[in-house]
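As the structure lists them, so they are numbered: ligands from 1, and atoms in each ligand from 1.
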Amino acid sequence: MSGRDSGIVFRALEEFRIEIPSWGFANTGTRFGKFVQPGAAATTEEKFSDAGQVHRVTGVCPTIALHVLWDCSEGTNSVPSIVELATRYGVRPGSINTNLFQDQIYKYGSFGNPDPEIRKHALQHTIDSIEIAHKLNSRDITMWFADGSSYPGTANIRRRKKWFEEALTETHSRLYPEQRLLVEYKPFEPAFYHTDIADWGMSMHLCKVAGSQAKVLVDTGHHYQSQNIEQIVAWLLSENMLGGFHFNDRRYADDDLTLGSIDPYQVFRIFHEILFFEWESGARADIAYMIDQSHNLKGKIEETIQTVTMAQQLFAKAALVDHVALTDAQMKCDLIRAESLLQDAFNTDVRRQIQEWRDSKGLPQDPLKAFQESGYLERITKERAERNSRSVSSYA
Ligand code: RM4
Ligand code: MN
Ligand code: MN
């Protein structure tokens, strides 16, 4: 690798950070049942502890995303204990995720529910989440809605849109000045006929109605098959409406597989659009990189480390694209040269430079190996196995 390229990889790694989800360490499954892992985390403390291990060996995951109902069961009263966990395990709370999909009252929706009392209840949960975020010094409040309908004719789509506009505007008015509201979209599931925020256009519309601190959150698994996600990213960037990502990979739908396990070139193309935009505009895009995966089968901590190191590699590769040459080739419609510039960058092996960067930071060259040799997994497996074996995994 040339000196120019090594320098670029180093600089890219200096700026790259990615947030890990607390729920990535807990037992998860499919709608047919949960698969229990003996070492899975069941408490917020265990999630912080596991996240701390990922940060310890990678050095690039200083924050953990929290899900309000799962991690802050006592609302704002949970704040002191979370602050304590953050200090103890060396990872700060990151984005705060509202939960408007789990409680029975949300069977027919939250912000889109025809019942004004339920809409009010959902709004109160959101306001509480903003307060929790503020007390934890978390900037981003992330909202994903399961709202929608499963049979034609059963919901008034336009009215529900209006209720969303109202509730998100109210939510936005409660934000603290430094906070952001990130609004996620998803085409289907759990609703199978219409979903209230089904795509980036709907999310962007609602964000624009709500106010300037609201931005779109792109979950890479939340698109139809073969949709061009990097084009969506480019459009959102040019509209200053891209707030962040939930990274994961997919083969069929919202599969929540390991990032880059199916289509690493797509993640590379997404990073390329961001870095190309930054080069062209001369400004850093204010984007939260987050992981949102469901580690059903592979060891959760190991899979998280695998994801983080893959993200680093793809980001570093994307940084290698020669923007001056690419612009020139694009303007001259030199298709072969333009495409080759992307392919050459993607095909560059950056692993050696990443190891050198880790070395320079006093981090293990091989984070996965360092974790596997640490004895941590054996220890938590011993500590948690008995309890986890008693956890309910079936719906019967
Ligand atoms: C959803 C969505 C949200 C996440 C939940 C658990 O599919 O991706 O971001 O909070 O799952
Ligand atoms: Mn998500
Ligand atoms: Mn999802």
Side-chain angles (χ1 to χ4, degrees), residues 18-31 34 40-41 44 47 51 63-73 93-103 106 109-112 122 125-126 129 132-133 138 140-148 180-192 195-200 202-203 206-207 214-225 227 229 232-233 236 242-259 261-262 267 270 287-296 300 303-304 307 311:
I18 193 160
E19 183 165 306
I20 42 186
S22 71
W23 55 99
F25 301 109
N27 274 319
T28 48
T30 68
R31 57 180 157 143
K34 249 194 208 179
T44 306
K47 294 172 197 167
T63 57
I64 174 174
L66 300 175
H67 232 292
V68 171
L69 288 192
W70 303 335
D71 298 311
C72 319
S73 52
S95 64
I96 300 300
N97 291 249
T98 57
N99 188 317
L100 299 172
F101 50 85
Q102 181 179 291
D103 293 350
Y106 299 133
S110 60
F111 280 7
H125 170 81
T126 309
S129 304
I132 293 171
S138 287
D140 292 337
I141 291 94
T142 295
M143 302 194 82
W144 169 71
F145 297 91
D147 287 58
R180 301 192 306 170
L181 180 67
L182 303 185
V183 182
E184 206 168 335
Y185 57 89
K186 178 170 173 170
F188 68 91
E189 195 201 24
F192 289 116
T195 294
D196 285 300
I197 312 182
D199 66 26
W200 68 279
M202 298 179 200
S203 171
L206 291 169
C207 288
K215 304 282 172 196
V216 178
L217 176 72
V218 176
D219 183 314
T220 47
H222 293 189
H223 301 89
Y224 286 118
Q225 204 75 280
Q227 203 161 349
I229 302 175
I232 295 172
V233 168
L236 289 172
L242 181 61
F245 286 93
H246 271 177
F247 281 118
N248 51 68
D249 213 338
R250 53 78 66 77
R251 180 70 183 82
Y252 300 102
D254 189 22
D255 308 340
D256 283 333
L257 300 178
T258 321
L259 176 82
S261 59
I262 303 292
V267 185
I270 289 172
I287 302 169
Y289 294 129
M290 301 177 275
I291 297 165
D292 181 10
Q293 292 177 174
S294 197
H295 306 135
N296 298 345
K300 293 162 198 302
E303 185 170 355
T304 309
T307 303

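Per residue D219, closest N, O or S atom to the Mn ion (ligand 2): atom name OD2. Note on D292: its N/O/S atom closest to the Mn ion (ligand 2) is OD2. Closest N/O/S atom of H222 to the Mn ion (ligand 3): NE2. Restricting D254 to its N, O or S atoms, the one at the least distance from the Mn ion (ligand 3) is OD2.
With L69 as the partner, the side-chain contact (heavy atoms from CB on, under 4.5 Å) test is satisfied by one option alone out of T98, N97, N99: N99. The only member of D196, D256, D254 that meets salt bridge (Lys or Arg N to Asp or Glu O under 4.0 Å) when paired with K186 is D254.
Of the polar atoms of D292, at least one N or O is found under 3.5 Å from an N or O of ligand 1, judged by distance alone.
Listed by number with element, the atoms of ligand 1 under 4.0 Å from a non-hydrogen atom of D219 are 8 (O). The ligand atoms of ligand 1 that sit less than 4.0 angstrom from a heavy atom of K186 are 7 (O). Shown in contact with H246 at under 4.0 Å from a heavy atom are these atoms of ligand 1, numbered in order with element: 9 (O).
Here the protein heavy atom with the shortest distance to atom 5 (C) of ligand 1 is W144 CE3, 4.1 Å. Taking atom 2 (C) of ligand 1 as the reference point, the nearest protein heavy-atom neighbour is E184 OE2, 3.3 Å. The protein heavy atom nearest to atom 10 (O) of ligand 1 is H67 NE2, 2.8 Å.
With hydrogens and angles left out, the side-chain atoms of D255 and N248 include no donor and acceptor closer than 3.5 Å. At a cut-off of 3.5 Å, with distance as the only test, a side-chain donor of N296 or S294 sits close to an acceptor on the other residue. Side chains of W23 and D292: a donor-acceptor N/O pair is present below 3.5 angstrom, by distance only.
Ring pair H223/Y185: centre-to-centre distance below 6.0 Å.
Contacts of D254 with ligand 1, taken as heavy-atom pairs under 4.0 Å, involve the side chain alone. No part of E189 comes within 4.0 Å of ligand 1, judged by heavy-atom distances.
Remark: at the Mn ion (ligand 2), atom ND1 from H246 and atom OE2 from E184 enclose 100°, rounded to the nearest 10 degrees.
Under the 3.5 Å distance criterion, the side-chain polar atoms of K215 are left unmatched by any main-chain donor or acceptor of G244. Between the side chain of D71 and the main chain of T44, no donor-acceptor pair closer than 3.5 Å is present. Between the side chain of S138 and the backbone N or O of G94, at least one donor-acceptor pair lies under 3.5 Å.
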